[in-house]
Amino acid sequence: MSGRLVGRTAVVTGGAGGIGRAFARRLADEGAAVAVLDRADATDVVHEIEEAGGKAIAVTCDLTNPEAVGAARHEVTARIGSAHILVNNAGIYPHQPFDSLTFEDWRRVFSLNTDALFHTCQEFLPDMRAGGWGRIVNVTSNSVGLVVSGVTHYVASKMAAIGFTRALATEVAGDGVTVNALAPSLVRTPTTEAAGSAESFETVARMQAIKRSQVPEDLAGVLAFLVSDDAAFVTAQTLMADGGLVRS
Ligand SMILES: NC(=O)c1ccc[n+]([C@@H]2O[C@H](COP(=O)([O-])OP(=O)(O)OC[C@H]3O[C@@H](n4cnc5c(N)ncnc54)[C@H](O)[C@@H]3O)[C@@H](O)[C@H]2O)c1
């Protein structure tokens with residue numbers, strides 16, 4: 001195995017899902033040993049990676065439960081070594097108008113999209129800092145820069161992830177750890193294909209400068225760059241990899 005990430009251990013949350021699966025495969029292709037943390041079974045992703053000659057493990061974990069995240073960290077460290085790379089990708093994006101939202105709905109979104117970032121970073125960051133090298137990428141959304149309705153809880157949780165990214169990056173830069181956010185457009189994944197209509201994909205594609213729907217592979221190479229040595233001087237940023245929809 002050759003590549004920019006040989007000798008690195010990477011953790012990808014939500015790696016059983018659409019975007020996370022592409023992330024796990026790409027990081028393994030680049031040479032990293034990858035731990036896929038998901039509450040769903042990720043053994044098929046692991047098999048795909050192994051068949052391609054890479055190294056991966058599946059760790060079942062509810063990321064909203066701090067004890068479960070702690071146990072996952074122990075398992076990752078014992079099986080493939082302490083993490084150098086953490087990709088906080090798991091997220092949920094229910095569509096619900098504000099007037100029908102309960103506080104429970106709000107908390108459900110925040111507990112994964114925002115609180116889980118706290119849990120994973122609390123667990124995996126100390127070893128990165130001690131080793132003098134680390135990469136954290138938080139997957140957010142270009143919806144933070146758009147006028148969209150029915151997603152107040154989602155946009156607030158993803159905006160919080162951006163604030164967390166910026167603030168944490170400042171604290172850990174001296175230890176060789178970068179923290180960035182990656183913001184996709186509407187991406188074709190099994191979840192969005194099931195929830196959305198052909199029309200919604202076409203509408204978003206028309207709004208982008210690049211007039212086709214985004215696929216997970218459009219993001220995987222950007223992630224591989226952000227977690228590589230090539231991006232050593234890039235931190236506290238939100239990279240809009242969204243086909244030119246949101247202009248910053
Ligand atoms: N797909 C899009 O259009 C799009 C657009 C912008 C941003 N994003 C963001 O990208 C990320 C991935 O999106 P996706 O479309 O691949 O999602 P997905 O639904 O395909 O996958 C999400 C994964 O997270 C896992 N998960 C959910 N709750 C969990 C929990 N409590 N503990 C552990 N794992 C849990 C699921 O099992 C699933 O495998 C999310 O953060 C999402 O907000 C997606």
Side-chain angles (χ1 to χ4, degrees), residues 11-26 35-46 58-73 75-76 86-95 107-120 123 136-146 148 151 153-162 164-165 181-197 200-205 207-208 212-220 222-223 238-243 245-246:
V11 170
V12 179
T13 72
I19 297 173
R21 176 179 297 257
F23 284 166
R25 281 200 301 238
R26 179 60 186 259
V36 178
L37 265 59
D38 204 300
R39 70 176 174 190
D41 181 23
T43 47
D44 58 336
V45 188
V46 169
V59 178
T60 307
C61 170
D62 178 353
L63 294 152
T64 65
N65 176 344
E67 284 79 33
V69 177
R73 198 257 299 171
E75 186 175 340
V76 171
L86 169 64
V87 184
N88 281 311
N89 162 76
I92 48 172
Y93 36 90
H95 195 276
R107 281 301 315 148
R108 195 173 312 117
V109 167
F110 266 77
S111 69
L112 181 62
N113 295 6
T114 312
D115 300 353
L117 276 53
F118 171 80
H119 304 321
T120 56
E123 289 295 334
I136 297 172
V137 176
N138 299 317
V139 178
T140 171
S141 166
N142 74 342
S143 60
V144 301
L146 294 171
V148 273
V151 283
H153 47 351
Y154 179 69
V155 172
S157 71
K158 292 298 191 183
M159 204 66 186
I162 290 173
F164 176 71
T165 299
L182 182 53
S185 183
L186 177 63
V187 184
R188 283 191 182 273
T189 66
T191 307
T192 55
E193 299 263 12
S197 59
S200 56
F201 285 109
E202 281 160 24
T203 304
V204 173
M207 286 157 55
Q208 294 166 186
R212 65 161 173 84
S213 291
Q214 188 167 29
V215 292
E217 289 68 27
D218 291 320
L219 294 158
V222 184
L223 175 77
T238 299
L239 212 161
M240 289 282 170
D242 72 342
L245 207 171
V246 173

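Heads up: numbering here begins at 1 and tracks the sequence. All ligand and atom numbering here is 1-based and tracks the order in the structure.
Heavy atoms of Thr140 come nearer than 4.0 angstrom to ligand 1 in at least one pair. Between Ser185 and ligand 1 there is a heavy-atom distance shorter than 4.0 Å.
Any N or O atom pair closer than 3.5 Å counts here, and Thr64 shares no such pair with ligand 1. Residue Val187 places at least one N or O, backbone or side chain, under 3.5 Å from an N or O of ligand 1. At least one N/O-N/O distance between Ile19 and ligand 1 falls below 3.5 Å. Geometrically, ligand 1 and Leu37 share no nitrogen or oxygen pair separated by less than 3.5 Å. Residue Ser141 has no N or O atom closer than 3.5 Å to an N or O atom of ligand 1.
Inter-residue side-chain proximity for Thr120 and Val11 is flagged as unmet; no heavy-atom pair is nearer than 4.5 Å.
At a heavy-atom cutoff of 4.0 Å, ligand 1 is contacted by the side chain of Thr189 but not by its backbone. Residue contacts with ligand 1 for Cys61 involve N, CA, C or O but no side-chain atom from C-beta outward (heavy atoms, distance under 4.0 Å). Contact annotation: for Lys158 versus ligand 1, heavy atoms closer than 4.0 Å belong to the side chain alone.
Side chain to side chain, Ser200 and Thr203 fail the donor-acceptor criterion of an N or O pair below 3.5 Å.
Among all non-hydrogen protein atoms, the one lying nearest atom 17 (O) of ligand 1 is Tyr93 OH, 3.5 Å.
Under the side-chain hydrogen bond (donor to acceptor under 3.5 Å, both in side chains) criterion, Asn89 pairs with no residue, sequence neighbours left out. By the ring-ring contact (aromatic ring centres under 6.0 Å, His included) test, Phe201 is found to be paired with no residue, residues two or more places apart in sequence or in another chain being considered.
For Arg108 and Asp115, the salt-bridge test fails: no basic side-chain N is under 4.0 Å from an acidic carboxylate O.
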